[in-house]
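Here is the structure we will look at, set down as structure tokens.
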Amino acid sequence: MHLLVVGASGLLGAEVCRQAVAAGHRVVGTYHSTAVAVPGVAPRRLDVTDRAAVRALLNGVRPDAVVATPYRYDDWAVTADGAAHIAYAAAEVGARLVHLSSDALHAGRPTPYLDDDVPTPVHPYGAAKAAAETAVRAVDPGAVLVRTSLIVGEGSKQIQLCRDALAGRAVLFTDEARCPVHVADLAAAVLELVPSDLAGPLNVAGPEAVSRAEMGLLVARHEGLDPAGLKTATIAESGLHRPALVRLDSSRAAGLLRTRLRGITEVLA
């Protein structure tokens, strides 16, 4: 298989590249500012906000499938418009598209979110991810939209945030719950979805919901750090407007995929 990974220098994109190369696939990986450092991957620089550049790359590479992971937390053009450009170009060359989405497009509620629950964003990043899904589904109804949660593993920003909070340099919220997933599990699931005919949204996250503060304690135990210094707060105390309880029900993915999605307690055992 000839695979194009858009965002190959990121945590997930790089892991998808590594696993794809190990499986014998021919892989092209794009980057914007940080070069792709995965052996066996042909690197290509790409600005996903440049529609013409995206089309030119896809028409030049002619991949069988595209895994699209690009995002920038505070940049609508990258997260939303970039996703639309990739979807259009992938459809133009007839490539299978696996688009990476996020639980950030949900507002939060006491009950878990199912795969097809309608986005209810409450902040700009969530709105951008929701807009990206809308564009991808309009352009390519056959694309699969992987809604995932906090990605952990070596080099994870989420794990580093926990370390910072344990050192008193950051704050973890006690009332903000997510379903963390290990990057290796998520990448394997994504590659399983590439040859499938599954379309539409699919929750692919860990089976265990924990608060960010609870994850901080798990990191402390895993790395032998003193949990006494963990700095915590609530979203309300901080005066922020962000989702609180966002639990993804990934039972459908668990039943469809061979890849086992491990819970955060097992990952950080």
Side-chain angles (χ1 to χ4, degrees), residues 7 12 68-87 97-152 157-158 161 171-181 186 189-190 193 198-215 233-254 256 261 263-264:
L12 176 59
T69 73
Y71 82 97
R72 191 170 296 152
Y73 189 79
D74 57 353
D75 194 326
W76 181 281
V78 171
T79 305
D81 297 343
H85 297 161
I86 295 163
L97 177 61
V98 179
H99 168 79
L100 268 295
S101 190
S102 168
D103 60 2
L105 50 69
H106 292 307
R109 68 186 188 193
T111 57
Y113 286 94
L114 302 178
D115 302 82
D116 56 357
D117 274 330
V118 175
T120 52
V122 296
H123 58 17
Y125 177 63
K129 295 300 286 188
E133 280 199 3
T134 299
V136 170
R137 297 185 81 173
V139 171
D140 183 2
V144 61
L145 313 170
V146 176
R147 291 178 176 174
T148 193
S149 189
L150 305 182
I151 304 175
V152 301
K157 294 178 182 178
Q158 307 301 334
L161 178 62
V171 174
L172 297 179
F173 297 118
T174 58
D175 56 348
E176 182 184 13
R178 294 292 189 274
C179 295
V181 62
L186 180 57
V190 165
L193 290 169
L198 194 70
L202 179 71
N203 292 339
V204 184
E208 182 182 3
V210 295
S211 72
R212 284 189 179 268
E214 288 169 335
M215 192 163 81
T234 65
I235 294 174
E237 289 170 349
S238 301
L240 298 175
H241 188 55
R242 59 191 288 166
L245 305 179
V246 183
R247 304 179 180 95
L248 295 182
D249 181 344
S250 298
S251 56
R252 180 166 168 246
L256 290 171
L261 303 169
I264 189 64

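Everything numeric here is computed off the predicted structure, so don't read it as measured data. Both backbone and side-chain heavy atoms feed into the values below; hydrogens, waters and symmetry mates do not.
Between A132 and T79 the shortest heavy-atom distance is CB-O, 3.5 Å. For the pair S238 and F173, the tightest heavy-atom approach, listed with the atom from each and the gap, is OG-CE2, 3.1 Å. In terms of heavy atoms, V122 sits closest to A107 at CG1-CB, 3.5 Å. Closest non-hydrogen pair, A233 versus V171, comes out as CB-CG1, 3.6 Å. In plain terms, the two heavy atoms of P243 and A104 that are nearest each other are CG-O, 4.4 Å. Of all non-hydrogen atoms in D249 and N203, the two that sit nearest each other are O-ND2, 3.1 Å.
Listed for the S250 side chain is a donor-acceptor partner under 3.5 Å among the backbone atoms of A205. Panel note: side chain T234, backbone D175; no donor-acceptor pair is recorded below 3.5 Å. Checked by atom type and distance alone, the side chain of K157 never pairs as donor or acceptor with a backbone atom of I151 at under 3.5 Å.
The aromatic rings of H123 and Y73 stand perpendicular to each other, their planes meeting at an angle above 60°, with 30° marking the opposite boundary.
Two residues are said to be in side-chain contact when any heavy atoms from C-beta on lie closer than 4.5 Å; V136 and S101 fail this criterion. Inter-residue side-chain proximity for S102 and Y125 is flagged as met; some heavy-atom pair is nearer than 4.5 Å. Inter-residue side-chain proximity for I264 and E214 is flagged as unmet; no heavy-atom pair is nearer than 4.5 Å.
Atom NE2 of H99 and atom NZ of K129 lie 5.0 Å apart (nearest 0.5 Å). A distance of 7.5 Å separates OG1 in T111 from CG in D117, rounded to the nearest 0.5 Å. Here the NE2 atom belonging to H241 is positioned 10.5 Å from the CD1 atom belonging to I235, to the nearest 0.5 angstrom. Between atom CG of residue L12 and atom CG of residue L186 there is a gap of 4.5 Å, rounded to the nearest 0.5 Å. Of the inter-residue distances, the one linking M215 atom CE with Q158 atom CD reads 5.5 Å to the nearest 0.5 angstrom. Atoms OG and CG, from S149 and L261 in turn, are 11.5 Å apart once rounded to the nearest 0.5 Å.
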| request: Evaluate side chain to side chain contact (heavy atoms under 4.5 Å, CB included) for L145 paired with R137, printing each intermediate quantity in order. | output: CA-CA 8 Å; L145 313 170; R137 297 185 81 173; 3.3 Å; yes
| said: Between L114 and R252, is the side chain to side chain contact (heavy atoms under 4.5 Å, CB included) condition met? List the steps. | reply: CA-CA 9 Å; L114 302 178; R252 180 166 168 246; over 6 Å; no
| For V146 and L202, what are the C-alpha separation, side-chain angles and deciding distance, and is it a side chain to side chain contact (heavy atoms under 4.5 Å, CB included)? | CA-CA 5 Å; V146 176; L202 179 71; 5.6 Å; no
| request: Go through the steps for V204 and V181 under the test side chain to side chain contact (heavy atoms under 4.5 Å, CB included), then give the verdict. | output: CA-CA 8 Å; V204 184; V181 62; 5.6 Å; no
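Applying the salt bridge (charged side-chain N to carboxylate O under 4.0 Å, His left out) definition to pairs two or more places apart or across chains, those involving residues 139-150 are E133-R147.
Here D103 pairs with R178 under the salt bridge (Lys or Arg N to Asp or Glu O under 4.0 Å) rule; sequence neighbours left out.
Heavy atoms of other residues, nucleotides or ligands lying less than 6.0 angstrom from OH of Y71 number 12 at most.
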